[in-house]
Amino acid sequence: MTATQLVVFPTEGKHLLEITREGPLFIMTMVDKENRFSPEMCKAICDALDHVAEVVDKEELTEAALMTRGQDKFYSNGLDMERAFSVPGFTDHTFMPMLNKILLFGIPTIACLNGHAFAGGCLMAMAHDYRVMRSDRGFMCMNEIDLPSPLPAGMSALLRYKMHPHVYRSCVLEAKRFNAKEALASHLVDAIAEGVEGTVELGKQVALKIAPKAKSGVFYGMIKEDMYPEISERLMMNAQAKL
C-alpha cells in the first residue's frame, strides 16, 4: 500500500471512513459529516483497525502508527442517538468494545482533532495514546450531564484514568467545553496547531516520531493491557463478544 492507495469501509454501500498510508503511517479519515457513532460506523472503525493490524503483521513492519481524523469542523459529534439506540445493547456490545479496541491497539495511535470532539467523539479521542488539536476551532466536551444521560462505568473509567481529578470533575459534572489551549493546559492533548492542515501535519509529526516503538511487536499491545486493566475490564464487562 502506498500513499496514493485508498481502502474504504464499509466496502459496500455508503462509505463512512477511509484508510490511506504514508510509509509507516496509516491515516483513518472519518468522512460521514459529523461522524456520529452508529452500529455501522463502529463496525467500519473496527474493520479498519483489523485491516491495519493485518498489514502491519503481514509486512512485519518495525515502524508503524495510526492517526485518526475527521473532516472540516468535526472530529466526531458523538452517538447517532436514533440509529444507535434502535439496536438493543449498542453501548455495551458495540460502542464500548470499539473504544477498547482502540485503547489496546497494537501500534501507537494518535487522534488528530480537526474539530469538535463531543461525548462519544471525546471518548474515542481519549482512547488513543496521543492527541493533537486544532487551535482555531473546536471543543472537547462530555455533555451527558446536560442531556441528561448516564455515563456507563467503562466510559467513566476511561476518562478518570486519562484525566487529572480536577479536570475529570469539570469534564463530567460541569460539561466544560475545553478549547485547544485549555485542553493543552489540562493535559488532554499533547500539542495544538492552527487550521485543519496544520493540525494534520502536526499529527503526522507526532505519529512518525513514535512509530519506531512499533518494533516491539506484540509487546506494545501487551504493555497497554497492563497500563489500563480497569478501563479495559469495565469497557468490556457487559459485552457479548469483542468486535
Side-chain angles (χ1 to χ4, degrees), residues 1-38 40-77 98-99 101-117 120-121 124-125 127-134 137-138 189-215 217 220-221 243:
M1 182 187 292
T2 68
T4 57
Q5 291 178 310
L6 179 73
V7 183
V8 298
F9 297 89
T11 55
E12 297 181 357
K14 180 182 178 182
H15 297 157
L16 301 176
L17 60 88
E18 56 193 38
I19 293 284
T20 54
R21 180 176 170 188
E22 299 179 12
L25 175 59
F26 296 83
I27 302 173
M28 179 192 297
T29 304
M30 296 178 285
V31 296
D32 192 33
K33 297 181 180 179
E34 294 187 9
N35 299 319
R36 289 183 176 269
F37 298 110
S38 63
E40 296 81 9
M41 174 63 90
C42 291
K43 185 177 187 306
I45 290 172
C46 290
D47 288 347
L49 292 173
D50 288 341
H51 167 77
V52 171
E54 181 180 350
V55 173
V56 171
D57 183 62
K58 182 178 180 180
E59 297 186 12
E60 299 182 341
L61 297 179
T62 57
E63 293 189 15
L66 171 72
M67 184 177 81
T68 66
R69 56 167 295 190
Q71 293 181 318
D72 301 322
K73 64 179 182 179
F74 290 103
Y75 176 74
S76 170
N77 209 21
M98 181 203 75
L99 294 176
K101 197 177 187 77
I102 296 171
L103 180 73
L104 303 183
F105 198 55
I107 62 174
T109 57
I110 299 87
C112 176
L113 306 185
N114 56 283
H116 299 302
M124 178 174 171
H128 289 66
D129 301 325
Y130 304 90
R131 286 160 293 283
V132 300
M133 186 174 181
R134 180 179 173 182
R137 188 169 196 174
V189 300
D190 300 284
I192 62 177
E194 186 173 352
V196 173
E197 294 308 315
T199 309
V200 170
E201 287 305 312
L202 177 61
K204 290 179 181 180
Q205 292 174 20
V206 173
L208 292 174
K209 181 178 179 180
I210 200 67
K213 298 304 180 183
K215 67 183 177 183
Y220 194 88
L243 289 177

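Side-chain atoms are counted along with the backbone in the values below, which use heavy atoms only and exclude waters and symmetry mates.
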Partners passing ring-ring contact (aromatic ring centres under 6.0 Å, His included) against Phe74 (at least two apart in sequence or in another chain): His116

Sequence-distant partners of Phe37, ring-ring contact (aromatic ring centres under 6.0 Å, His included), two or more places apart: Phe95

Is there a side-chain contact between [X] and [Y] (heavy atoms, below 4.5 Å)?
X	Y	answer
Asp190	Met133	no
Val56	Phe26	yes
Met30	Leu16	no
Lys213	Ile107	no
Val132	Gln205	no
Ile19	Val52	yes
Ile210	Ile110	yes
Leu49	Met28	yes

Mind checking what makes salt bridge (charged side-chain N to carboxylate O under 4.0 Å, His left out) contact with [X], not counting sequence neighbours?
X	answer
Lys14	Asp32
Asp47	Lys43
Arg137	none
Glu40	Arg83

Stepwise side-chain hydrogen bond (donor to acceptor under 3.5 Å, both in side chains) check, Asp129 with Thr109: CA-CA 5 Å; Asp129 301 325; Thr109 57; 3.3 Å; yes

Under the side chain to side chain contact (heavy atoms under 4.5 Å, CB included) test, which residues partner [X], sequence neighbours left out?
X	result
Ala53	Phe105
Glu18	Leu6, Val8, Thr29, Val31
Leu208	Pro24, Leu25
Pro212	Glu63

Heavy-atom donor-acceptor pair, Thr199 side chain to Ala193 backbone, under 3.5 Å: yes

Sequence neighbours excluded, every pair satisfying ring pair (Phe, Tyr, Trp, His ring centres under 6.0 Å) that has a member inside residues 5-24: Phe9-His51

SB check Lys101 Asp50 (cutoff 4.0 Å): yes

From CA spacing to verdict: side-chain contact (heavy atoms from CB on, under 4.5 Å), Leu103, His128: CA-CA 6 Å; Leu103 180 73; His128 289 66; over 6 Å; no

Residue pairs, two or more places apart or on separate chains, that pass salt bridge (charged side-chain N to carboxylate O under 4.0 Å, His left out) and touch residues 199-208: Glu22-Lys204, Glu201-Lys204

